[in-house]
A.B. asks: 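Shown below is the structure under consideration.
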Amino acid sequence: MPNRRFADGEVVMGRWPGSVLYYEVQVTSYDDVSHLYTVKYKDGTELALKESDIRSQSAFKHRKSQSSSSSPSRRSSSRSRSRSPGRPAKGRRRSSSQSREQKEDKKKTISETSLTPLALKPSENNTRRYNGEPDSTERNDTSFVMSEQKLKPDLEIARVLDQYSLRPRKEEKKKEEMYSEKKIFETKVIEKASLKTIEKAPSKTKELEFGGRIGTFTLIFFMPATVLYLLLMCKQDDPSLMNFPPPLPALESLWEARVFGIFLLWFFLQALFYLLPIGKVVEGLPLSDGRKLQYRINGFYAFVLTAAAIGTLLYFQFELHYLYDHFLQFAVSAAAFSMVLSIYLYIRSLKAPEEELAPSGNSGYFVYDFFTGHELNPRIGSFDLKYFCELRPGLIGWVVINLAMLLAEMKIHNQSMPSLSMILVNSFQLLYVVDALWNEEAVLTTMDITHDGFGFMLAFGDLVWVPFVYSLQAFYLVGHPTAISWPIAVAITLLNGIGYYIFRSANSQKNSFRRNPADPKLAYLKSIPTATGKGLLVTGWWGFVRHPNYLGDIIMALAWSLPCGFNHILPYFYVIYFICLLVHREARDEHHCKQKYGLAWERYCQRVPYRIFPYIY
Ligand code: NDP
């Protein structure tokens, strides 16, 4: 028997989310898991409410009779001197009947603005429903971050001034405009709160991505097979596509306990660095239940400590090219580890509370949820497994592998200096990794952290794909030396610089805007408001294309492959794959943004028609 106070069909008073106002609602259902009531408002809007936001009608009526001024409609009508936003002033003086009529109109408009829940149609009752379109002209969205608490005293003051006509007449127009705006903001704040309330109800993943069950099942085998294929191809003297398939090594040669031991040592060393109490602790974005997880930002410190550890090993003559000699075995060890980790993640997710499951990995199909990740933020105590794997063992491992390749090249080819191509590849990718660690906080707003669960896709991606596939160019150069001239090197460096500039400035622009839309440094940028309270930038990089950061990333990816020359397509695998990845990722993000922002997103798309490549795509 569920432990609930209100029965289905019962008419009660429901608090409008984010406000102190209660309206008559009917209970339509109750969810035993989330303990939320679904209630229906008189205009048909349905919301999920907590029990603490519901009162019986008798309690409410009693209070109303004691003090009529505390009823919602009464409170609203006391604001009646303001004009509805769309109505122009006809003259300085008005007749008393006109004025009375207008007052009545205003009363109606204001009370409806505050009483109207989310689903009200724009045409009804002259009341404006905020639909994601800007109010009048676009602006920086400072105003939309105004909190309800901040808003209320202002409205209270405005009401008092209105009641006693303390404002000079010539200020009235200005005041009325401001007042109208505030009401619209209030509606938005309420809408925002109600959207959050709706999000609270846990739901099953209905739209399956990555080809659904069959697609994800295939990917679980296809991803490791691709890594194996690429590494085997790269080892060949002639890695052209004509030499496909490469000869397969003996199974027993793929595994070595010592290599696996070194991999584990590496993983746990990074875990130790992650646990060090250095670096600030920040909050992530709010979860669906309103909680915010805390994350320690010390990735850059981990990188510096790793550099010191590697430097010490080299000082004591440790031969880092061991990594090159056992590259395939390291990849197999990492793949085995990521598979075991994924199984662990799935098993533990079965016990996770419903609200901690990933919105994209809760389909109920084992294969799909195993691949995409069932639990959103699996943690052991305060140790966040996904966040840790996202930027540490794999990403830092990638530059260590690159360095090992550089040393292997020098040793194998008896060079006193690494080749220019190898220096370029190492430097470009080092810049990319250091940039990611330096701006570690930005990862907290990415889809990987906020939307995707932690399952095979991310575990394999972070621990195997990134370090072993992204280092393919350096691996290729060891076996296939490529000489490039200085002018070519300068041109490639310029290209990487352009890509990096676009990538960094686009990401920084968005991150700063998300952190503080009122930042004076962003005053030159324009944005359009959305119903969630967040704005969308429509000028600057985000007005150029809809994913300028992807454009910069792709330009850099090309610059990383060019030092390998044009003899083979293999070193271009990264840029080809990366374009596919980002085009697919862009489509996923687009889909989420459309759901989140509705009409405002459509308007943004009209204004910024190209997704990644200007005038092309
Ligand atoms: P993005 O940084 O591109 O963020 C997308 C989000 O930005 C949207 O969901 C939306 O979120 C917000 N947004 C979209 N348009 C606007 C706008 N006009 N104004 C303000 N906000 C907007 O997400 P990713 O996680 O995909 O990428 C992060 C970085 O990581 C990129 O630079 C990408 O290139 C890189 N990356 C690298 C990979 C690699 O393997 N090397 C793999 C994947 C990504 P909201 O409104 O909720 O804030």
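Ligands are counted one by one from 1 in listed order, and the atoms in each one are counted from 1 as well.
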A.B. asks: Tell me which one of V538, T530, L599, L537 satisfies side chain to side chain contact (heavy atoms under 4.5 Å, CB included) with Y604.
C.D. replies: V538
A.B. asks: May I ask you to identify the nearest protein heavy atom to atom 22 (C) of ligand 1, giving residue, atom name and distance to one decimal place in Å?
C.D. replies: K510 CD, 3.6 Å
A.B. asks: Which residues pass the ring pair (Phe, Tyr, Trp, His ring centres under 6.0 Å) test with F303, not counting sequence neighbours?
C.D. replies: none
A.B. asks: Looking only at protein heavy atoms, which one is nearest to atom 32 (O) of ligand 1, and what is the separation?
C.D. replies: N507 ND2, 2.9 Å
A.B. asks: Can you name the atoms of ligand 1, numbered from 1 with element, that are less than 4.0 Å from a heavy atom of C593?
C.D. replies: 8 (C), 9 (O), 10 (C)
A.B. asks: Measure the distance from atom 45 (P) of ligand 1 to every protein heavy atom, then report the residue, atom name and distance (to 0.1 Å) of the closest one.
C.D. replies: Y597 OH, 3.3 Å
A.B. asks: One pair to check against side chain to side chain donor-acceptor pair (under 3.5 Å): E209 and H591. What are the steps and the verdict?
C.D. replies: CA-CA 11 Å; E209 300 173 289; H591 183 67; over 6 Å; no
A.B. asks: Of the options D553, D452, D448, which is the one that meets R585 in a salt bridge (Lys or Arg N to Asp or Glu O under 4.0 Å)?
C.D. replies: D448
A.B. asks: Decide whether an N or O pair under 3.5 Å exists between K596 and ligand 1.
C.D. replies: yes
A.B. asks: In terms of side-chain heavy atoms, does H480 have a donor or acceptor partner in H568 at a distance below 3.5 Å?
C.D. replies: no
A.B. asks: Does Y470, backbone or side chain, put an N or O under 3.5 Å from an N or O of ligand 1?
C.D. replies: yes
A.B. asks: Please work out whether the ring planes of Y574 and Y577 are parallel, tilted or perpendicular, with thresholds of 30° and 60°.
C.D. replies: tilted
A.B. asks: Any atoms of ligand 1 less than 4.0 Å from a non-hydrogen atom of D553? List them with their elements.
C.D. replies: 33 (C), 34 (O), 35 (C), 36 (N), 37 (C)
A.B. asks: Return the residue, atom name and 0.1 Å-rounded distance of the protein heavy atom closest to atom 21 (N) of ligand 1.
C.D. replies: R514 NH2, 3.1 Å
A.B. asks: Measure W541 to ligand 1 on non-hydrogen atoms and call it side chain, backbone, both or neither using the 4.0 Å cut-off.
C.D. replies: neither
A.B. asks: Ignoring hydrogens and geometry beyond distance, is a side-chain donor-acceptor pair present between S471 and N402 at under 3.5 Å?
C.D. replies: no
A.B. asks: Measure from atom 16 (C) of ligand 1 to every heavy atom in V608, I528, L536 and give the option owning the shortest one.
C.D. replies: L536
A.B. asks: Over 60° means perpendicular and under 30° means parallel, so classify the ring planes of F456 and F370, tilted if in between.
C.D. replies: parallel
A.B. asks: In ligand 1, which numbered atoms sit nearer than 4.0 Å to a non-hydrogen atom of F503?
C.D. replies: 32 (O)
A.B. asks: When only distance counts, is R546 in polar contact with ligand 1, meaning an N/O pair under 3.5 Å?
C.D. replies: no
A.B. asks: Which atoms of ligand 1 are found less than 4.0 Å from any heavy atom of F578?
C.D. replies: 38 (C), 39 (C), 40 (O), 41 (N)
A.B. asks: Between T446 and ligand 1, does any nitrogen or oxygen pair lie at a separation below 3.5 Å?
C.D. replies: no
A.B. asks: Measure the distance from atom 17 (C) of ligand 1 to every protein heavy atom, then report the residue, atom name and distance (to 0.1 Å) of the closest one.
C.D. replies: L537 N, 3.6 Å
A.B. asks: Can you list the ligand 1 atoms lying under 4.0 Å from a non-hydrogen atom of M447?
C.D. replies: 25 (O)
A.B. asks: Between W542 and ligand 1, does any nitrogen or oxygen pair lie at a separation below 3.5 Å?
C.D. replies: no
A.B. asks: Which of the numbered atoms in ligand 1 are under 4.0 angstrom from any heavy atom belonging to H547?
C.D. replies: 3 (O), 5 (C)
A.B. asks: Short list, please: which atoms of ligand 1 are under 4.0 Å from a heavy atom of D589?
C.D. replies: 5 (C), 6 (C), 8 (C), 9 (O)
A.B. asks: Apply the side chain to side chain contact (heavy atoms under 4.5 Å, CB included) test between P393 and each candidate in D462, V466, L463; give the one that qualifies.
C.D. replies: L463
A.B. asks: Under a 4.5 Å cut-off applied to non-hydrogen side-chain atoms, are F273 and I396 in contact?
C.D. replies: no
A.B. asks: Got an N/O contact under 3.5 Å between L582 and ligand 1?
C.D. replies: no
A.B. asks: Ion pair present between E441 and K280, side-chain N to carboxylate O less than 4.0 angstrom?
C.D. replies: yes
A.B. asks: Could you identify the single nearest non-hydrogen protein atom to atom 42 (C) of ligand 1 and state the distance to 0.1 Å?
C.D. replies: L581 CD2, 3.8 Å
A.B. asks: Tell me, which protein residue and heavy-atom name are nearest atom 3 (O) of ligand 1, and how many Å apart are they?
C.D. replies: N549 ND2, 2.9 Å
A.B. asks: Distance alone, cut at 3.5 Å: any donor-acceptor contact between the side chains of Y432 and W398?
C.D. replies: no
A.B. asks: Report the relative orientation of the aromatic rings in Y274 and F383; use parallel for angles under 30°, tilted for 30 to 60°, perpendicular for over 60°.
C.D. replies: perpendicular
A.B. asks: Which label fits Y501 and W541: parallel for a plane angle under 30°, tilted from 30 to 60°, or perpendicular past 60°?
C.D. replies: perpendicular
A.B. asks: Is atom 34 (O) of ligand 1 less than 4.0 angstrom from at least one protein heavy atom?
C.D. replies: yes
A.B. asks: Grab the two heavy atoms, one from Q429 and one from W560, that are nearest each other, plus how far apart they are.
C.D. replies: NE2-CE3, 3.5 Å
A.B. asks: For atom 44 (C) of ligand 1, what's the nearest protein heavy atom and its distance?
C.D. replies: R585 NE, 3.6 Å
A.B. asks: Suppose I only count heavy atoms of Y604 and a 4.0 Å limit; which atoms of ligand 1 are within that range?
C.D. replies: 18 (N)
